[in-house]
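A quick write-up on the structure given underneath.
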Amino acid sequence: MRNCFVVLALAAAVGSASCRPTDSPAGAGPPAPASVNADAALESPAPAAGPRIVALGDSLTAGLGLTPEQAYPALLQQRLDAAGLDYEVVNAGSSGDTSAGGLSRLEWALAGDVRVLILALGGNDALRGLPPEELRRNLGQIIERAQARRIAVVLAGMEAPPNFGTAYVVSFHQVYPDLAAQYGVPLVPFLLNRVAGVESLNQRDGIHPTAEGQKRVAENVWKVLQTLL
């Protein structure tokens, strides 16, 4: 976890720039057959199909710098297919998105027969030093709206860089377990567990996982997701 803080701190100065879709066209390429990349699909959402699992996140979910097939939502699709589970995974990751941004496009993300929402937001809130209470409020509203539609939610935790001080880091971290307990949703303690701070698993910016790093992210999410399915 300490290594993660170092990585995020180094990225904080360029967080808003390094997480935007214009930085790397590869992160916003054409949608893969089994998953939909939100950066490309926002203008023309795919028609509703069968039961869906939606991954609502930022560039870590969108797979910035990689092809859509290498991002963890597409890797989850492979696991589902191998297990004979009939779900379509929708990659609703948008590079540079904050929790407020995710809330603003929630209606689009929940289009169709959505059964599970993977909520993986907060990295950009942390890099911008946004108030943890704002994060808590936005994520809470997303969970409430999903649950009102009887959609199961998997909450993925994120950590804040240390340059904002210990109080901020602790408050930010606590948002995720508190929300998981409040709403009774399963928690992935840290989306980038075993990835953050590992040089070989991150791209040159030190914050976005490589294809191999995304495989570990998929493992982190799958351990929790499979318990719902």
Qualifying salt bridge (charged side-chain N to carboxylate O under 4.0 Å, His left out) pairs with a residue from residues 166-183, counting only residues at least two apart or across chains
Arg136-Asp178
Residues in salt bridge (charged side-chain N to carboxylate O under 4.0 Å, His left out) contact with Glu134, at least two apart in sequence or another chain
none
So, using side chain to side chain contact (heavy atoms under 4.5 Å, CB included) as the criterion, who are the partners of Gln226 when residues are at least two apart?
Trp222
Heavy-atom donor-acceptor pair, Gln141 side chain to Ala100 backbone, under 3.5 Å
no
What residues, two or more places apart in sequence or in another chain, satisfy side chain to side chain donor-acceptor pair (under 3.5 Å) together with Glu212?
Lys215
What residues, two or more places apart in sequence or in another chain, satisfy salt bridge (charged side-chain N to carboxylate O under 4.0 Å, His left out) together with Glu144?
none
Donor-acceptor contact present, side-chain Thr210 to main-chain Gly213, <3.5 Å:
yes
Partners meeting side chain to side chain contact (heavy atoms under 4.5 Å, CB included) with Val224 (sequence neighbours left out):
Val154, Pro186, Val188
Using a 3.5 Å distance criterion without hydrogens, assess whether the side chain of Gln70 forms a donor-acceptor pair with backbone atoms of Gly63.
no
Restricting to salt bridge (charged side-chain N to carboxylate O under 4.0 Å, His left out), what partner residues turn up for Lys223, sequence neighbours left out?
none
Residues in side chain to side chain donor-acceptor pair (under 3.5 Å) with Ser99, at least two apart?
Asp125, Asn138
Hey, is the main chain of Ala62 close enough, under 3.5 Å, to the side chain of Ser59 for a donor-acceptor pair?
no
Is there a continuous path of hydrophobic side-chain contacts, each under 4.5 Å between heavy atoms, that joins Leu64 to Leu75?
no
Of all residues at least two apart in sequence or in a different chain, which pass the side chain to side chain donor-acceptor pair (under 3.5 Å) check with Arg149?
Glu107
Reported CZ-to-CG distance for the pair Arg137 and Leu103, which is rounded to 0.5 angstrom
10.0 Å
Does the Asp58 side chain pair with the main chain of Gly96, one donor and one acceptor, at a distance under 3.5 Å?
no
Any residue meeting side chain to side chain contact (heavy atoms under 4.5 Å, CB included) with Ala83, in chain and number order, not counting sequence neighbours
Leu85
A side-chain contact here means heavy atoms from C-beta on lying under 4.5 Å apart; do Ile118 and Thr61 qualify?
no
Are Gln78 and Glu69 side-chain neighbours, meaning at least one heavy-atom pair lies under 4.5 Å?
no
Please list, chain by chain and in numerical order, all residues satisfying salt bridge (charged side-chain N to carboxylate O under 4.0 Å, His left out) with Arg115, sequence neighbours excluded.
Asp113
Please check if the side chain of Gln174 supplies one atom and the backbone of Ser171 the other of a donor-acceptor pair under 3.5 Å.
no
Results of side chain to side chain contact (heavy atoms under 4.5 Å, CB included) for Ala146 - residues two or more places apart only
Leu117, Ile151, Val153
Side chains of Tyr176 and Leu139 in contact at under 4.5 Å (non-hydrogen atoms)
yes
